[in-house]
Amino acid sequence: MCGIVGYVGFRPALPILLSGLKRLEYRGYDSAGLAMLTDNGLWVSKSVGKIKMLEEQIADKEITSTRGIAHTRWATHGEPTELNAHPHTDNFEEIALVHNGIIENFRTLKEYLVRKGVVVHTQTDTEIIVHLIRLNYRGNLTEAVREALLQVEGTYGIAVISMLHPDTIVAARKGSPLVIGHGEGENFVASDVSAMLEHTNRVVYLQDGEIATITPSDYSITTIQNVKISPSIEEVTWTLDMIEKEGFDHFMLKEIHEQPSTIRNAIRGRLNFDDGIARLNGLNLQFEQLRRIKRIVITACGTSWHSALIGEYLIEELARIPVEVEYASEFRYRSPILEDGTILIAVSQSGETADTLSALREAKNHGTLCLGIVNVVGSSIARESDGGVYIHAGPEIGVASTKAFTSQVMVLTLIGLLLGRMRAVSVQHGRELTEWIQKIPQQVEMILRNSEPIRQIAQQFAQVNNFLYLGRGINFPVALEGALKLKEISYIHAEGYPAAEMKHGPIALIDENMPVVVIALKDSVYDKVMSNIAEVRARKGQVIAIATEGDTEIAERVNHVIYIPHTHHLLTPLLSVVPLQLLAYYVALLRGCPVDQPRNLAKSVTVE
Ligand code: G6P
């Protein structure tokens with residue numbers, strides 16, 4: 001979703017802003033723009049489409065400036081046009097502003113501004129903020145921003161510059177992340193650390209309700225009520241190569257290949273092999289508190305919702321605790337029943353998804369204990385949870401989530417094991433599981449080494465219009481995830497179904513043009529899945545099976561087989577999803593789709 005970069009310092013601002021914007025491209029956007037302070041006043045340039053277009057548009061301009069703000073916009077209010085792109089300026093063209101988030105009362109504020117004689121040019125909710133700042137300006141930019149923000153309702157991360165204060169960026173946050181980067185004689189502000197990581201790893205995360213005044217040599221933070229805050233500088237441990245492609249054609253492919261090591265990171269230090277149990281100190285829960293859990297609600301969106309569904313199978317089977325999985329967007333508006341003994345787990349790669357964050361807050365309002373399974377350290381969900389587990393997958397740049405998914409599933413497995421060992425799981429069963437868990441990274445490596453057959457299958461099906469994915473039990477959510485990956489990046493319509501449900505609808509679609517991916521592993525439902533395969537084949541559907549190594553029998557019953565190594569049945573999703581990620585990747589590649597930045601999608605959905 002939208003991205004912000006700002007710079008005040010001694011170096012030319014333009015290349016810093018442009019390279020910062022490029023680092024934010026992965027978040028998804030449809031237009032971009034920047035504003036810089038020059039000797040001749042405020043200089044603004046905007047363009048629809050990719051940052052490359054903006055770059056071309058300003059290539060022949062000679063601009064010397066060491067201060068500026070820039071933005072990538074993902075349209076919500078108003079089409080993705082040059083006019084609606086940020087930065088927006090006041091009627092005197094002296095103040096410029098970029099904004100992430102949504103101003104909910106912008107219509108009322110617009111009427112108020114028009115009554116005051118302000119000319120509003122765009123269809124955006126954002127533009128009203130800059131006019132409000134101007135109306136409240138009495139010689140102090142930070143104060144004007146404060147006064148303006150007291151009038152707005154909604155969410156924002158903003159950065160403001162003005163030729164009236166050429167040394168300053170004012171930034172403020174409520175519900176949309178912003179981080180200040182601290183340099184020597186220069187400072188940065190961005191919606192995401194990756195935009196400034198090549199310049200500094202010393203950062204201050206702005207909290208909701210805070211306003212920062214940033215100059216080249218200093219920054220100060222106050223709350224919106226004007227209480228001074230002493231910021232604490234944190235060192236980001238992510239390195240630059242972690243946000244670069246390192247020889248891979250796409251971030252998605254790199255991230256798929258990182259899974260052996262990211263899964264290892266999710267397990268590291270968390271397994272006790274002797275007792276067959278997991279150690280998860282971040283949960284901040286005593287043994288007794290864990291034993292008192294009667295019901296678990298897991299809430300999430302997108303791919304994280306799929307890992308939550310797998311968590312439901314895992315925890316219910318291992319710990320015999322009832323688990324309910326809810327889309328965060330539904331949970332927050334359905335007056336949830338959260339009785340005593342219920343805990344909520346929010347699963348989110350970014351830790352910033354607006355619906356998941358609101359669901360967490362809703363549960364907290366009910367007095368429910370809330371845990372987070374999050375990747376981005378210091379993100380809103382991580383901070384607002386009572387405890388939780390970081391998945392430690394490192395930055396995920398590809399919009400289609402891959403390595404975060406497997407790490408989330410691994411962490412949910414560890415939670416299942418921990419809760420299970422306090423209830424239904426014996427030491428011996430626990431030990432057996434820990435042994436299998438430890439083998440997973442190596443087994444993922446084996447699948448990745450043998451990806452050529454998957455590429456060949458992709459070649460055969462790259463031009464079809466529909467795909468069906470089937471799985472049963474714990475591999476039903478994997479079917480959903482496989483279908484989601486394909487539709488996200490290749491734009492092929494794909495649906496995931498529990499294999500047996502096929503007869504209740506999707507079977508009507510099956511003919512010789514319909515590829516059906518079936519997860520058909522050697523487990524307790526193998527025979528049932530084989531019957532479902534027969535039903536597809538009887539209607540001339542093309543079956544691509546994900547099967548267990550050594551199952552030679554299946555090869556005669558399907559059109560294509562992709563083998564994965566044998567593991568404990570509860571761990572199979574960690575392996576079965578990998579070929580599906582690769583299949584989606586290769587199909588998208590063959591269709592010429594922009595794999596890392598699919599149209600209309602955003603990496604981190606910070607609006608409702
Ligand atoms: C967006 C992304 C998905 C992601 C979902 C939830 O839709 O494109 O890849 O699964 O948000 O994001 P989260 O950061 O909460 O896991």
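Being a predicted model, the structure only gives us computed values, none of them experimental. Whatever order the structure lists them in is the order used to number ligands and atoms, beginning at 1. The figures here come from the full heavy-atom set of this structure, side chains too, leaving out hydrogens, waters and symmetry mates.
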Write out all pairs satisfying ring-ring contact (aromatic ring centres under 6.0 Å, His included) with one or both partners inside residues 580-599, taking only residues at least two apart or from two chains. H250-Y585
Go through the structure and list residues passing ring pair (Phe, Tyr, Trp, His ring centres under 6.0 Å) with F467, not counting sequence neighbours. Y469
Pairwise salt bridge (Lys or Arg N to Asp or Glu O under 4.0 Å) hits with a residue in residues 343-367, at least two apart: D208-R361, R332-D355, R361-E384
Residues with a heavy atom under 4.0 Å from ligand 1, by chain and number, are C301, G302, T303, S304, S348, Q349, S350, T353, V399, S401, A602, K603, V605
Can you confirm if the NZ or CZ of R599 lies within 45° of the ring axis of Y491 and under 6.0 Å from the centre of its six-membered ring? yes
What is the minimum heavy-atom distance between S350 and V376, and which atoms define it? O-CB, 3.4 Å
Considering residues, nucleotides and ligands other than E198, do more than 12 of their heavy atoms fall under 6.0 Å from its CD? yes
